Amino acid sequence: MSDHDTEDHLEDIALEPLPLDAWHRARGARMVPFAGYEMPIQYEGIVAEHNWTRESAGLFDVSHMGQLVLSGPGLDAAVEAVLPIDLSTLKLGQQRYSLLLDENGGVLDDLMVSRWPEALYLVVNGATKWDDMGTLREALPDDITMNYLDERALLALQGPKAADALARHATGEYPLSALTFMKFGQFKLAGHEVTIARAGYTGEDGFEISLPAEAAAEVADLLCAEPEVKPIGLGARDSLRLEAGLPLYGHDLSPETSPIEAGLTFGINKRRRTEGGYPGAERINREIVEGTTRKWVGLKLEGRLPAREGAEVFAGAEKIGTVTSGGFSPTLQAPIAMAYVASDHAAIGTQIEVEVRGKRLAATVSPTPFVPHRYYRGS
Amino acid sequence: MPRYYTDEHEWIDVEDDVATVGITEYAQSQLGDIVFVELPEVGAMIEQGKDAAVVESVKAASDVYAPITGEVTETNGALEEDPSLVNSSPEDAGWFFKMTIAAPAELDKLMDEDGYKAFVEDL
């Protein structure tokens, strides 16, 4: 028996332990190499953890992600020259999705940008953070300071009961319930200063908590002592984000894909679509106007056999695309996938086929998210 | 009846001239929740060490190799209905297929239960 393997294999590189390494092992996690770290893929099992997050609340250690703080004179203009974001509409306490693009408009990373007092706080992907720092450093003027917060951990608490569990412990100038989706604030947890953003990567309501690495185990213990909360591994994180129709960098997004093909036009803020002035603007703006030859779509497959990354998509004899993420949806009890397909086969309801080990599986282009988002936007 | 094990975590039971093949408790625990099992065709000739079946978990697809060379004589239809049998009963109700034993000497290269136990403990 052996894995076909879609995983990042980085055994040759020295793997770093994350701040919660011992905490995960003590809780029975199986650790795997991911993004240069040893990370928990699962504790009790991917399906149980997936369902628990959808029904209650799950705690994810995402400390591998890069937390960066940019500051300095002319910060907004400097960052707008690098990212297609409109910072004039990003107010203190708000977070927004953005994209790091190359000169051709290909995606180098997707990231979150938050407005801090006199600074911008970025969360970037773990596997790309070193390259991102290089790209940003090179593109930003010398008087913009970039701090890599390598002594901060990042925990995500996700699920319909996350707010109840976290509200018992988080204290601040205003109650946790004042945070709506994509807002953040300063709070205290177990006596530690933390930043809490109402955001996540599961499609559920939830929070991302940035905190000092040395406080991570205490806070993780505190949250997991709540009856609603269990620790959740990377395996369920992947199946949850796939059901939520959210892209995973390095699989669904890469320098070979444009954000417009990927349906991430909202990541190019309105003012920037007309003004340009960021890497790749020419191609991006052309694609917004003229459309793209392929599109990233959701697929529902018949039967139970999942189609994985790399599976080819066909309309009759013609190859029309490739699966970039796929698996078995625990919520829908059926295989689902995301694929880039030719735009003339991208309409919802289009019948196509996916080839897995020489077999053609019937599939339908389907709306995403596959499982509805339940973000908290205020009562 | 003697049971043998491979270093790829398959087990094989030998009864007269028929062998039954499945994956071990250790294998299922590593794979996690199994959602689909692709079994070989009855009548297919399979060769020791070559692909014989594929197990799909939520996370990934894994190959199951033929422990010995022979012809597939029967497959476990229950796995089509309920692939999670491989998780709940990997070394019994979750068997994969039965096959003939073309070269009995191939069995000599496999591990017995104690040998496999020691092998897993070393992983």
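In what follows, chains are A, B, ... by sequence order, proteins preceding strands, each numbered from 1. Quick caveat, the model's predicted, so the values are computed rather than measured.
- Residues satisfying the salt bridge (Lys or Arg N to Asp or Glu O under 4.0 Å) criterion with Lys117(B), sequence neighbours excluded, are absent altogether.
- Taking 4.5 Å as the limit, every side-chain heavy atom of Lys59(B) sits out of range of all side-chain heavy atoms of Gln42(A).
- Among the residues in residues 300-307 of chain A, those with a non-hydrogen atom closer than 4.5 angstrom to a non-hydrogen atom of chain B are Arg304(A), Leu305(A), Pro306(A).
- Ser29(B) touches chain A through its backbone: at least one of N, CA, C or O sits under 4.5 Å from a heavy atom, while the side chain does not.
- A side chain to side chain donor-acceptor pair (under 3.5 Å) check over residues 67-78 of chain B, counting only residues at least two apart or in different chains, returns the pairs Thr69(B)-Glu106(B).
- Under the rule for a salt bridge (Lys or Arg N to Asp or Glu O under 4.0 Å), the partners of Glu355(A) that lie at least two apart in sequence or sit in another chain are Arg360(A).
- Applying the 6.0 Å contact sphere to CD of Glu41(B) captures no more than 12 heavy atoms from other residues, nucleotides or ligands.
- Within a 6.0 Å sphere centred on NZ of Lys98(B), other residues, nucleotides and ligands contribute more than 12 heavy atoms.
- In terms of non-hydrogen atom pairs under 4.5 Å with chain A, the most contact-rich of Val35(B), Val37(B), Val58(B), Asp33(B) is Val35(B).
- Considering every non-hydrogen atom in both Gln30(B) and Arg30(A), the closest pair reads O-NH1, 2.6 Å.
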